[in-house]
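None of the values given here were measured: they were computed from a predicted structure. Convention: sequence-line order gives letters A, B, ...; per-chain numbering from 1.
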Protein chains: 2
Amino acid sequence: MTIQYCTDMARRHLTPQDWSTAALRAMARGGVAAVSVNALAGELEATRGSFYWHFKDRDALLTAALEVWERDDTTALIAALGDITDPRQRLAALFTIALGQEDINGLEPAIVAHADHPAVAPVLRRVTERRIAYLTDLYTELGLDTAAARRQAVAAYAAFLGWLELRRSACDIVPEVAATGTIATVALEHLIAELTPCAMHQAEPE
Amino acid sequence: MTIQYCTDMARRHLTPQDWSTAALRAMARGGVAAVSVNALAGELEATRGSFYWHFKDRDALLTAALEVWERDDTTALIAALGDITDPRQRLAALFTIALGQEDINGLEPAIVAHADHPAVAPVLRRVTERRIAYLTDLYTELGLDTAAARRQAVAAYAAFLGWLELRRSACDIVPEVAATGTIATVALEHLIAELTPCAMHQAEPE
DNA sequence: GACATGCCGTACACCCCTGTATGGAATGAC
DNA sequence: GTCATTCCATACAGGGGTGTACGGCATGTC
């Protein structure tokens with residue numbers, strides 16, 4: 001019985017990035033417990049021997065994957081908005097990008113659901129602090145005082161999280177949450193227009 | 001070596017309700033995977049023999065626990081609001097109760113995170129439909145037309161879910177999300193006053 | 001062409017969880 | 001007191017996941 005190794009084509013080597021993104025996909029589906037080396041190896045058409053070459057542990061994969069999430073969905077996103085000068089356009093672009101290019105559906109709810117996990121807690125804390133601080137600065141730039149900007153940032157971020165959660169749990173029941181095109185308009189209506197009317201007009205000359 | 005059975009006091013028998021609530025607590029901490037018969041037996045100071053007397057399967061426990069969640073946090077909650085005639089007071093009481101008496105912290109995010117699980121999907125679908133339908137009716141009673149009421153219901157429910165998620169993930173970073181006293185005021189400001197200003201005044205005579 | 005090294009497949013031991021079978025303690029009926 | 005029933009503890013087999021040891025196939029170097 002001959003074992004066939006690479007029948008299809010030149011099998012390219014797996015990178016730690018491949019394992020990390022596969023781990024994030026698995027986490028979005030079934031939580032932290034779904035990130036099993038066995039399942040990921042099957043999905044990547046490899047074996048666990050490949051995994052333990054790139055990573056020391058399963059915990060090392062978890063932290064690496066969550067750092068990828070932190071880098072892509074928070075650090076890089078904020079950095080991409082740096083060149084937009086108008087704060088209103090920056091706010092609009094922020095939620096448009098965050099809601100529009102959601103790469104892995106259900107990842108954020110899965111991460112938040114395991115907030116107590118030792119591999120999740122520090123990254124989630126950094127991400128939440130960074131995002132709320134950025135939103136607070138943005139609302140301050142829009143003319144709100146410190147307390148009001150903070151409140152708006154918390155409310156907007158909660159609405160954002162709930163929007164993602166609703167998209168994950170009931171994209172068939174609530175179809176308006178699924179279409180990428182309407183997300184921009186609906187989200188901007190609810191997050192910008194409606195979450196800031198009480199203090200917006202005295203800051204807006206128009 | 002004598003085995004001591006009931007040293008402390010008359011050990012009352014465990015009910016399926018005990019197992020269900022313990023399952024919900026475990027699910028809130030570590031997701032569906034944390035609902036293990038072993039762990040729950042240790043928490044309840046019993047053995048798996050007791051469990052398999054009350055339940056056929058682990059899946060039977062999951063569905064029973066989720067039905068308890070559906071009954072307590074949706075059916076009973078809506079039923080408790082039936083005697084409030086004023087829709088504005090009913091809306092205020094709804095979010096006050098839903099946000100105030102959150103019995104198990106982090107349960108809703110955990111359930112939503114496993115929306116694809118076969119034991120979760122049907123219950124979550126029923127709960128989401130029921131809640132959004134109730135909110136839609138409530139906003140309709142408040143004077144909104146069908147489309148607007150539906151949009152407000154979806155937005156308010158998303159904000160509610162995100163508020164719970166933020167409370168779970170960052171109650172230390174965002175302290176305003178934890179205090180039960182301020183929840184009522186903040187939630188009512190953001191959910192009633194701010195989510196319905198565009199169409200509220202023409203329905204409100206005052 | 002010998003040799004080192006990067007990358008991966010395989011096999012083994014170990015642990016945790018599930019489900020079932022079986023026995024035993026406690027309680028009430030009579 | 002006997003007996004049946006309820007409820008629970010214990011023991012066992014089976015499966016799946018982890019981590020490690022080891023062996024093998026490549027590719028590049030000299």
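With sequence neighbours excluded, no residue satisfies ring-ring contact (aromatic ring centres under 6.0 Å, His included) with B:Tyr134. With sequence neighbours left out, A:Tyr52 forms a ring-ring contact (aromatic ring centres under 6.0 Å, His included) with no residue at all. For A:Asp18, the salt bridge (charged side-chain N to carboxylate O under 4.0 Å, His left out) test picks out A:Arg12, with sequence neighbours left out.
In this structure, CG of A:Leu40 is placed 11 Å from P of D:dG17, rounded to the nearest angstrom. Spacing between atom CG of A:Leu61 and atom C1' of D:dG17 amounts to 14 Å, rounded to whole angstrom units. Rounded to a whole Å, the NE2 atom of B:His13 is 14 Å from the P atom of C:dA25.
Scanning all heavy atoms of the two residues, the minimum distance from B:Glu108 to B:Leu161 falls at OE1-CD2, 4.1 Å. Taking every heavy atom of both residues into account, B:Thr63 and B:Ala119 meet most closely at CG2-CB, 4.1 Å. Heavy atoms only, all atoms of each residue included: B:Ala156 and B:Phe95 are closest at CB-CZ, 4.2 Å.
If you check residues 18-33 of chain B against DNA chain D, you find no residue with a heavy atom closer than 4.0 Å. Non-hydrogen atoms lying under 4.0 Å from DNA chain C are contributed by B:Arg48, B:Tyr52, B:Asp57, B:Arg58, all within residues 48-59 of chain B.
With respect to B:Ile111, the side-chain contact (heavy atoms from CB on, under 4.5 Å) criterion is satisfied by exactly one of B:Val120, B:Asp73, B:Val123: B:Val120.
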Item checked: Steps toward side chain to side chain contact (heavy atoms under 4.5 Å, CB included) verdict (A:Trp163, B:Val154) -> CA-CA 9 Å; A:Trp163 195 262; B:Val154 171; 4.2 Å; yes

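The side chain of B:Asn38 places an N or O atom within less than 4.0 Å of a non-bridging phosphate oxygen (OP1 or OP2) of C:dC17.
Using modelled atom types, one side-chain atom of B:Arg168 and one backbone atom of A:Ala113 make a donor-acceptor pair closer than 3.5 Å.
In summary, B:Arg125 and B:Glu70 do not engage in a salt bridge, as defined by a charged side-chain N under 4.0 Å from a carboxylate O.
Across its full length, the helix from C:dG1-D:dC30 to C:dC30-D:dG1 shows an angle of 10° between the axes of its 5 terminal pairs at either end, rounded to 10 degrees.
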